[in-house]
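Values in this document were obtained by computation on a predicted structure and should not be read as measured data.
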Amino acid sequence: MSLIYKINRSPRRRHIALKVSGGELYVLAPADASNDTIAAVVQAKAAWARKHLESQQAQLRHLPLRQWQTGEQIRWLGQPLTLVIARGTRKRIERVGSELQLTLAARSPLPTTAHQLVRGWYQAQAQQWLDDFFQHWQVAELTPRTWSVGDFSSKWGHCTRSGALRFSWKLWLAPSWVVRNVVIHELCHLQEFNHSAAFWQLVARYSADYQAAEQWLRQHGMTVLSNQYLDYCEVEESFTGK
């Protein structure tokens with residue numbers, strides 16, 4: 001069966017590359033690359049593409065689209081919380097045991113307002129998690145100037161050259177050991193502002209399971225970072241590649 005793919009051409013790109021994202025195959029190509037040349041590259045990489053397409057599509061089949069309705073579950077540090085949504089006189093959100101209870105004003109649009117409330121709750125809780133983490137972090141040379149929680153669509157965190165760390169609130173959907181690894185990853189950029197061998201050696205010094213965490217992020221980032229899902233599938237199907 002032939003592969004279906006989308007072509008994104010760019011005058012800045014010098015070589016053809018394949019990318020599997022959201023269960024679809026993309027070809028990143030130079031502006032002057034011919035369709036025949038692209039087809040030949042796809043054919044040569046067909047086995048790799050099918051492997052990763054099948055892996056991602058298997059994850060997507062196990063996950064429902066996020067509807068923001070009572071009874072849905074959303075994870076905090078990997079543990080599921082059940083959404084309970086009601087109408088009231090004002091917006092409100094709080095965690096009660098294993099429930100995340102939302103109260104929406106009578107005329108508030110359900111999906112949009114529920115998403116905003118949940119995002120705000122996660123940002124506040126994640127900020128407290130970071131504050132607690134850095135209160136006990138004792139590595140002076142890897143201490144950030146500031147740290148905060150934002151809303152990224154395609155990355156887990158970011159370190160600036162001025163020493164500020166910023167993380168996506170969606171990271172806290174992941175298990176706590178993965179969250180800790182991402183924070184340490186960004187902390188190590190304070191000393192090694194790259195992904196060199198020296199950087200990974202530094203990460204390994206403070207996070208013994210960083211390789212497993214990096215694999216988890218590669219596997220589940222597609223759905224955890226997506227507002228359509230904000231979740232991940234428990235089925236473990238590894239995939240890597242460029």
Side-chain angles (χ1 to χ4, degrees), residues 21-23 56 59-137 144 146-158 164-183 185-186 213 216-217 219-236:
S21 178
Q56 288 195 6
Q59 292 182 71
L60 297 177
R61 283 195 297 271
H62 286 85
L63 288 177
L65 291 173
R66 180 68 59 184
Q67 300 294 328
W68 299 108
Q69 297 176 350
T70 292
E72 285 185 23
Q73 292 189 327
I74 190 166
R75 300 173 191 267
W76 169 255
L77 294 176
Q79 300 303 309
L81 298 175
T82 300
L83 295 177
V84 178
I85 302 174
R87 294 288 185 176
T89 56
R90 62 187 181 87
K91 294 186 294 184
R92 187 165 178 265
I93 183 170
E94 65 175 332
R95 178 179 177 177
V96 180
S98 61
E99 294 182 347
L100 195 57
Q101 299 181 357
L102 288 71
T103 303
L104 278 60
R107 297 185 179 181
S108 298
L110 179 57
T112 302
T113 306
H115 185 187
Q116 290 173 344
L117 280 174
V118 168
R119 182 179 63 201
W121 184 85
Y122 269 79
Q123 286 181 289
Q125 297 299 313
Q127 185 67 50
Q128 183 61 57
W129 190 99
L130 286 172
D131 292 345
D132 292 342
F133 178 90
F134 287 116
Q135 185 176 1
H136 296 91
W137 181 251
T146 62
W147 54 87
S148 60
V149 181
D151 186 14
F152 300 144
S153 61
S154 61
K155 60 183 177 180
W156 304 103
H158 178 67
L165 302 188
R166 190 166 174 80
F167 300 92
S168 170
W169 66 269
K170 298 168 187 175
L171 173 62
W172 278 263
L173 296 167
S176 57
W177 65 276
V178 176
V179 177
R180 184 177 185 276
N181 176 265
V182 172
V183 174
H185 180 115
E186 298 304 330
W216 193 100
L217 295 166
Q219 179 162 342
H220 298 299
M222 173 184 66
T223 54
V224 175
L225 288 171
S226 169
N227 288 329
Q228 289 184 296
Y229 297 99
L230 295 174
D231 200 359
Y232 60 90
C233 179
E234 297 285 4
V235 177
E236 294 295 331

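Distance check: L104 CG to L117 CG gives 5.5 Å after rounding to the nearest 0.5 Å.
Applying the salt bridge (Lys or Arg N to Asp or Glu O under 4.0 Å) definition to pairs two or more places apart or across chains, those involving residues 115-130 are R119-D151. Listed by first then second residue, pairs satisfying salt bridge (Lys or Arg N to Asp or Glu O under 4.0 Å) with a partner in residues 120-130 number zero, not counting sequence neighbours.
When side chains are defined from C-beta on, R66 does not count as touching V118, because their heavy atoms never get closer than 4.5 Å. Between T112 and W68, every side-chain heavy-atom pair lies at or beyond the 4.5 Å cut-off. No side-chain heavy atom of T103 sits under 4.5 Å from any side-chain heavy atom of E94. Contact annotation: the side chain of Y229 never approaches that of M222 to less than 4.5 Å [non-hydrogen atoms, C-beta and beyond].
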Taking it one step at a time, do Q127 and W147 satisfy side chain to side chain contact (heavy atoms under 4.5 Å, CB included)? CA-CA 8 Å; Q127 185 67 50; W147 54 87; 3.3 Å; yes
Give the intermediate values and the outcome of side chain to side chain contact (heavy atoms under 4.5 Å, CB included) for residues I74 and W121. CA-CA 12 Å; I74 190 166; W121 184 85; over 6 Å; no
Stepwise side chain to side chain contact (heavy atoms under 4.5 Å, CB included) test for V149 and Y122: CA-CA 9 Å; V149 181; Y122 269 79; over 6 Å; no
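Side-chain atoms of Q135 and D131 form no donor-acceptor pair, as typed in the model, at a separation below 3.5 Å.
Ring pair W216/H220 is tilted by interplanar angle, where 30° to 60° counts as tilted. Relative ring orientation between F167 and W172 is described as perpendicular, the plane-to-plane angle rising above 60° on a 0-90° scale split at 30° and 60°.
Side-chain rings of W129 and F133 approach one another, their centers coming within less than 6.0 Å.
Under the side-chain hydrogen bond (donor to acceptor under 3.5 Å, both in side chains) criterion, R180 pairs with no residue at all, not counting sequence neighbours.
The shortest non-hydrogen separation linking L81 to R95 is CD2-NE, 3.5 Å.
Counting heavy-atom neighbours within 6.0 Å of R87 CZ, excluding the residue itself, gives a total above 12.
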